[in-house]
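Every chain is numbered from 1, with letters handed out A, B, ... down the list of sequences.
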Number of protein chains: 2
Amino acid sequence: MPSQPHKASRLKRVTLADIAARLGVTKVTVSRALNQPEKVSAAMRERVTECARELGYMPNRQAGSLASGHSRLIALLIPSLSNAVFSELHRGLEAPLAAAGYQLLIGHTGYSMQEEERLIETWLSFGIDGLVLCGSRHSPRTREMIARSGCAVVECMEKRETPLDMAVGLDQHAAGRAMTEAMIALGHRHIGFLGARMDRRVEQRLGGWRAAMEAAGLSQQALLTTDAPSSVRMGGELLDEMLTRWPETQAVFCCNDDLAAGGLFECQRRGLSVPDQLALAGFNGLEMTRGTWPPLASVVTPRREIGERAAALLLARLSGDLDATPHGLWEDLGFSLQTGGSLSS
Amino acid sequence: MPSQPHKASRLKRVTLADIAARLGVTKVTVSRALNQPEKVSAAMRERVTECARELGYMPNRQAGSLASGHSRLIALLIPSLSNAVFSELHRGLEAPLAAAGYQLLIGHTGYSMQEEERLIETWLSFGIDGLVLCGSRHSPRTREMIARSGCAVVECMEKRETPLDMAVGLDQHAAGRAMTEAMIALGHRHIGFLGARMDRRVEQRLGGWRAAMEAAGLSQQALLTTDAPSSVRMGGELLDEMLTRWPETQAVFCCNDDLAAGGLFECQRRGLSVPDQLALAGFNGLEMTRGTWPPLASVVTPRREIGERAAALLLARLSGDLDATPHGLWEDLGFSLQTGGSLSS
DNA sequence: ATGAAAGCGCTAACAA
DNA sequence: TTGTTAGCGCTTTCAT
């Protein structure tokens with residue numbers, strides 16, 4: 001590694017040894033006073049904390065982790081920073097993990113398995129104790145590294161019959177099917193599907209739409225997908241194309257709420273009334289769906305609860321409650337439908 | 001620290017020593033073959049990489065960092081995970097830092113100075129080499145820890161006359177003023193301001209609105225703010241209240257695009273035509289503003305460029321180009337106005 | 001309640 | 001090109 005002139009200019013680091021020397025005790029005592037205060041006399045505790053404060057001591061956790069073999073670090077890998085779904089997953093994880101003394105790291109994969117692999121390699125080499133992943137698609141090397149490391153893992157969001165270790169989420173296929181069935185039940189026959197950023201979860205939702213349409217004997221013709229990132233604007237463009245190609249369309253199921261919001265704006269642009277002339281539904285039930293006009297119908301997914309449950313599983317695993325949380329565990333947290341609004345008045 | 005039964009169950013870690021023993025050389029040689037391949041014979045390089053692969057070797061970066069004194073880790077602290085502004089800042093940082101061999105850590109402060117302090121303490125104790133912060137408000141302890149550590153720092157987004165080290169962003173006050181002046185130039189007299197999540201940047205934008213209104217001799221009465229998080233829904237609620245209390249309002253400047261989008265939906269709910277009956281503007285110029293109908297007027301901020309510039313400054317500092325990047329440096333990357341659409345047809 | 005010794009896995013500086 | 005010697009700062013035993 002190259003030299004680092006900048007750091008060279010800093011003050012010398014204060015270490016346990018400095019405190020120990022100043023107090024005429026050994027490093028062990030100082031370490032205990034700071035990390036296991038009950039194992040040290042009240043007087044000593046007092047003197048050590050006072051001196052640490054005075055000198056501006058900051059522990060070196062690299063050294064600590066190296067010596068102890070664990071870091072109290074848990075990494076969360078999310079596909080997208082701007083997708084509110086993952087920020088709510090994060091919210092669910094953060095509090096319980098922090099309460100148990102774990103620090104949550106956030107990594108950004110950009111929906112790339114390769115980037116996921118790179119990040120996991122980095123995190124593992126920094127000694128993380130646990131890992132939270134989104135989805136169930138991982139490279140072979142990712143699987144191998146995780147297995148070797150013995151790191152606790154939870155896979156989130158989608159159904160996972162054979163998890164790497166533990167998994168918690170919902171059945172995206174069933175959710176897609178349920179919403180489509182609701183649309184059919186409202187009397188719609190020409191129901192289109194709009195999908196962007198076609199990752200596994202979106203494909204599962206699409207599968208649900210297909211299953212429902214097929215079961216009802218309806219045409220699966222009005223289908224438009226793109227691998228490009230999902231966005232409000234993309235929703236408008238896709239809906240425009242759909243209405244141009246299949247003008248008979250009565251209802252559109254969008255693979256997420258951003259797309260559906262864009263669809264809502266496109267309807268305004270065209271002067272189409274929602275839901276009277278066109279019914280619209282999204283997926284995830286983000287906060288936004290209750291701020292649009294009309295309110296957006298959507299499949300509400302328990303993102304935050306998934307995070308909370310994932311945290312609980314991780315903590316159980318890390319604390320050694322092995323029997324209570326069997327490997328291969330899969331928990332289904334379900335979903336619910338938010339109808340009305342953009343679907344029916 | 002508590003015991004860790006889970007990790008105990010894993011395979012023994014493969015270390016440099018294992019490879020060295022197997023090859024009948026010393027650890028140093030193996031370390032060199034892996035990290036400074038040019039310092040070792042081609043044959044040796046070959047044997048080492050092969051053996052490392054075979055044994056599934058994964059370096060321990062805690063040990064490496066501890067020994068070398070640097071980690072090649074840079075932390076980015078963002079106030080909100082779901083705000084697209086910060087995800088684009090991240091995007092700007094990521095590529096250049098990765099290209100230079102640095103790993104970017106993401107931390108989430110939730111707009112809390114205290115959480116920022118806690119995170120910085122954690123990251124510093126894990127030996128980060130650089131730090132990217134949003135904004136210029138930091139607790140005294142945060143400043144002190146950063147100073148002691150000698151860690152390179154860039155403060156992003158807002159104007160900063162006296163940075164901790166380096167800063168890059170834009171003048172939020174001037175941006176707020178410019179948009180307000182544009183609204184005035186369009187002939188509007190009753191211009192309201194809507195603000196949520198009143199952090200420093202939003203306060204500066206509000207200050208810009210005030211300055212422009214005052215300069216034009218207009219009333220600053222139509223002002224509604226809340227400390228609650230910003231959201232589409234909140235935008236609708238605030239606009240509803242504003243139009244109820246000040247029915248004469250002709251134009252509304254929202255402190256960000258989410259709020260403005262909510263305002264757009266509220267106008268639909270009320271059957272108000274935008275911009276004919278009410279003009280609307282947001283702030284940031286997110287992708288979304290080009291997906292609404294009508295397209296949303298907004299102040300376009302160079303978030304991505306700020307990230308790229310921050311990365312460049314950090315790398316310059318870390319590589320020792322001290323003279324080229326003076327401490328106390330502040331770079332203004334400006335802004336631009338996106339008008340038309342929701343502001344005027 | 002405190003200490004002594006040993007070592008976590010790696011890299012830096014210097015030798016050969 | 002490769003090896004030797006010393007740590008980095010902390011936490012573990014195991015003693016006392």
Revision key, fill the gap. Between CZ of A:R72 and C1' of D:dT11 the distance, given in whole Å, is 14 Å
Review point. Which nucleotide sits closest to the side chain of A:A67: D:dG9, C:dT2, D:dT2?
Key: D:dG9
Practice item. Could you say whether A:Q62 or B:V25 is positioned toward the 5' end of DNA chain D, judged by the nucleotide with the nearest heavy atom to each? Key: B:V25
Review point. Within this structure, what is the CZ-to-C1' distance between B:F126 and D:dC8, rounded to whole angstrom?
Key: 16 Å
Review point. Rounded to whole angstroms, how far apart are CD on A:Q36 and P on C:dA1?
Key: 12 Å
Review point. Under 4.0 Å between a side-chain N or O of A:S31 and OP1 or OP2 of D:dT11?
Key: yes
Check your understanding: Given atom CG of B:D18 and atom C1' of C:dC8, what is their separation to the nearest angstrom?
Key -> 13 Å
Exercise for review: Write down the distance between CE (A:M58) and P (D:dG9), rounded to a whole number of angstrom.
Suggested key: 14 Å
Practice item. Considering just the side-chain nitrogens and oxygens of A:N35, establish if one lies under 4.0 Å of OP1 or OP2 belonging to D:dT11. Key: yes
Practice item. Could you state the atom-to-atom distance from CZ of B:R32 to C1' of C:dA13 in whole Å? Key: 10 Å
**Study point:** Backbone N/O of A:V40 and side chain of A:R45: donor-acceptor pair under 3.5 Å
**Key:** yes
Review point. Between A:R13 (CZ) and D:dG9 (C1'), how many Å, whole number?
Key: 9 Å
Practice item. State plainly whether the residues A:E116 and A:R137 are in salt-bridge range, i.e. N to O under 4.0 Å. Key: no
Check your understanding: Between B:A63 and B:T26, which has a closest nucleotide on DNA chain D that is more 5'?
Key -> B:T26
Exercise for review: Indicate whether any N or O donor in one side chain lies under 3.5 Å from an N or O acceptor in the other, for B:E155 and B:S136.
Suggested key: no
Review point. Below 4.0 angstrom from OP1 or OP2 of D:dT2, is there any side-chain N or O of B:S41?
Key: yes
Practice item. Return no unless some side-chain N or O of B:T29 is found under 4.0 Å from OP1 or OP2 of D:dT2. Key: no
Exercise for review: Figure out the CG/C1' separation between A:L66 and C:dG7, and round it to whole Å.
Suggested key: 9 Å
Review point. Does a nitrogen or oxygen in the side chain of A:Y57 sit under 4.0 Å from OP1 or OP2 of D:dC10?
Key: yes
Point to revise | Residues A:R53, A:E50: salt bridge by 4.0 Å N-O rule | key: yes
Check your understanding: Do the charged groups of B:E115 and B:R118 touch, with an N to O distance under 4.0 Å?
Key -> yes
Exercise for review: Identify whether any heavy atom of A:V28 sits under 4.0 Å from a base atom; if not, whether one sits that close to sugar-phosphate; answer base, sugar-phosphate or nothing.
Suggested key: base
